[in-house]
Amino acid sequence: MASHIVGYPRMGPKRELKFALESFWDGKSSAEDLKKVSADLRSSIWKQMADAGIKYIPSNTFSYYDQVLDTTAMLGAVPSRYNWTGGEIGFDTYFSMARGNASVPAMEMTKWFDTNYHFIVPELGPDVNFSYASHKAVDEYKEAKGLGVNTVPVLIGPVSYLLLSKPAKGVEKSFPLLSLLDKVLPIYKEVISELKAAGASWIQFDEPTLVLDLEAHQLEAFTKAYAELESTLSGLDVLIETYFADVPAGAFKTLTALKGVTAFGFDLVRGTQTLDLIKGGFPSGKYLFAGVVDGRNIWANDLAASLELLKSLEGIAGKDKLVVSTSCSLLHTAVDLINEPKLDDEIKSWLAFAAQKVVEVNALAKALAGDKDEAFFSASAAAQASRKTSPRVTNEAVQKAAAALRGSDHRRATNVSARLDAQQKKLNLPVLPTTTIGSFPQTVELRRVRREYKAKKISEEEYVKAIKEEIKKVVDLQEELDIDVLVHGEPERNDMVEYFGEQLSGFAFTANGWVQSYGSRCVKPPIIYGDVSRPKPMTVFWSSIAQSMTKRPMKGMLTGPVTILNWSFVRNDQPRFETCYQIALAIKDEVEDLEKAGITVIQIDEAALREGLPLRKAEHAFYLNWAVHSFRITNVDIQDTTQIHTHMCYSNFNDIIHSIIDMDADVITIENSRSDEKLLSVFREGVKYGAGIGPGVYDIHSPRIPSTEEIADRVNKMLAVLDTNILWVNPDCGLKTRKYTEVKPALQAMVSAAKAIRTQLASAK
Ligand SMILES: Nc1nc2c(c(=O)[nH]1)N[C@@H](CNc1ccc(C(=O)N[C@@H](CCC(=O)N[C@@H](CCC(=O)N[C@@H](CCC(=O)O)C(=O)O)C(=O)O)C(=O)O)cc1)CN2
Ligand SMILES: [Zn+2]
């Protein structure tokens, strides 16, 4: 019985790649240094899998930035603004596309399905001259072979690549991207031929778009593409890998009928319906790659249950055609539990990071082949049992309170326009009030203070003093800029989710459990292992101090339950909504404590509400219902005069606008400046929005400083579709990744634009 891994994290157990990349970008080390670190990471991963006994080991799952961008490079689909002149694509062109350069901005980055990973969106049109411009897949195959490891090279499949791309600037929005299939397939053929010549016997095409709601013509593209590749692929075993959800029945039929394909990979953790389809008819003679080890979280596998499932599949695919695999690439989980000395043994026994998942996959394959590691399986059974019975997991009061929320509804008693009136009497804000999203720049000094406090190198007193000083600086700056509703700047927070996870019960946090979010940037998702409760107030201390420094309203700043859920590793022993309701109750306590402490404006960020949307439309309504309900629970019992803000970072929310209205916040600030037409078009199309709204007036992701005129111009555009009395003026998102030299002039321009328009409105009366 064989074993397979879909893909592996690239950052390294101690984020070696992150530091090598950032040092190279800063000009502190050479391209050779970066290549050396990368090659060492690759070889240690291949060796680790080979030593574990994995039969089908992937290559080309390493990336200097992103695997979709690697495919763009392979196809030579470089947008013309990067002035690439042909030849093998090097670091200059590659990183310019990823990050922009002095004269050209980066390509767009967007969410990879429903993960917190982001990919670089290909920009295509009828004029792209595709050419074979990056031999990375072949080079990495050869590199592994040189190390004695015969790998399965992994490519993003041609159809998913096109389905994930967008029409380039200047190309009609309706341009049929799939019409480019005929142009990309010849490049794929060149790559395949080279891989064959280098000695590859297997090839893996990732076609994750097969789990989406595809239309008939999109499914036909798969049939056409693989028929076209069939002769080039002959002599190879060909695996089509799907992940992240069920494969719908129609797609399953198309997939399993593809020409030239000998193996199919499925996510059997999220794909319970796929399992039924497999049982209902799997093509004979083909390999079934069964993804039973979860790549989306950090939980140890229930080996006994997996073994049983695998045995039932053996009867379908045949003993020699069933391959044990991961549900998706391990990119989305943490790297190695060995680097977590601070986690206690009980919790550790419940966990498996990427390195441990490799071992699990192999143990399952061996057990199927009759060579069961009894000790390993009984340890697994013991861990499963302890997770089920551990008193640390259960808090009956919390379970009861959360269960009581199900099926009920929670809404503030007074409607939003009456609330806004009551709040305005108290807050007395000018029209077009100005505010920011929460964080101010996280300086090196600030990070040092937090790090030294955590390491107990400085006392609590010194720490509090340093953070207070930072808050004072941020408050003074905002008063000087004449901003209306202030923030404290979040200097005490490492990350908006991790910070709350560290203070809530039922959460564990790791020292090195980093997961790549984009490029060199990583997050350390907290682990929710038990029922969630809030032992004591989490933000009241800092918010009260901040409010005491100013007469202006100081926003309390919280992360909402849905975002905490979506950016954590969530327990898999109860439905997600159950966990979300529990977090909602904890945040509700915090909101009420802030109100008691005299905070009159409270922002509850739901940056990740949109990304938790299930991949399939049929499941949207259910998710949105409990997600929006969870948000409302947090502030249902507060006074009319307390103003609730929320914030979202992704503007492609047009399809869920009614759910956003249903959140019933008093004010929403929302990313907009990178795509203003998209956001404002909802209101142009007549959707009524009566609450306060602040579409971002400038892009905080770029170091570019906007002018007063361009911000005023943006605000005027907004006024054309939104009522004057509901519009707020604010940036797109938090300022933590920017420098003060950028933030000061940008906010200055923002405030003067707001003032200019106020004057203009007053004189028009
Ligand atoms: N969870 C989450 N997901 C999100 C976002 C977000 O803000 N949070 N934003 C969107 C974009 N994604 C992003 C993901 C990561 C980063 C980011 O800046 N990450 C940092 C990691 C955090 C960090 O700054 N780490 C520092 C310091 C390490 C650390 O945790 N230090 C503690 C100090 C104590 C200690 O050493 O443990 C601290 O800062 O408090 C470092 O790597 O050097 C990075 O990779 O550089 C930004 C955006 C979508 N998803
Ligand atoms: Zn944001």
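Residues take their numbers from the sequence shown, with the count starting at 1. Here the structure is a predicted model, which means the values were calculated and not measured. Read the numbers this way: they start at 1 and go in the same order the structure lists the ligands and their atoms.
A salt bridge links Asp662 with Arg632: at least one charged nitrogen is closer than 4.0 Å to a carboxylate oxygen. Salt bridge status for Glu492 with Arg450: absent, with no side-chain N to carboxylate O gap under 4.0 Å. A salt bridge is defined here as a Lys NZ or Arg NE, NH1 or NH2 lying under 4.0 Å from an Asp or Glu carboxylate O, and Glu108 with Lys169 fails to meet this definition. Under the 4.0 Å criterion applied to side-chain N and carboxylate O atoms, Glu709 and Arg714 are not assigned as salt-bridge partners. A salt bridge is absent between Lys688 and Asp723; no separation between the charged side-chain nitrogens and carboxylate oxygens falls under 4.0 Å. Remark: Arg419 engages Asp664 in a salt bridge, criterion side-chain N to carboxylate O under 4.0 Å.
Around the Zn ion (ligand 2), the protein contributes the following N, O or S atoms under 2.8 Å, ordered by chain and number: His647 NE2, Cys649 SG, Cys733 SG.
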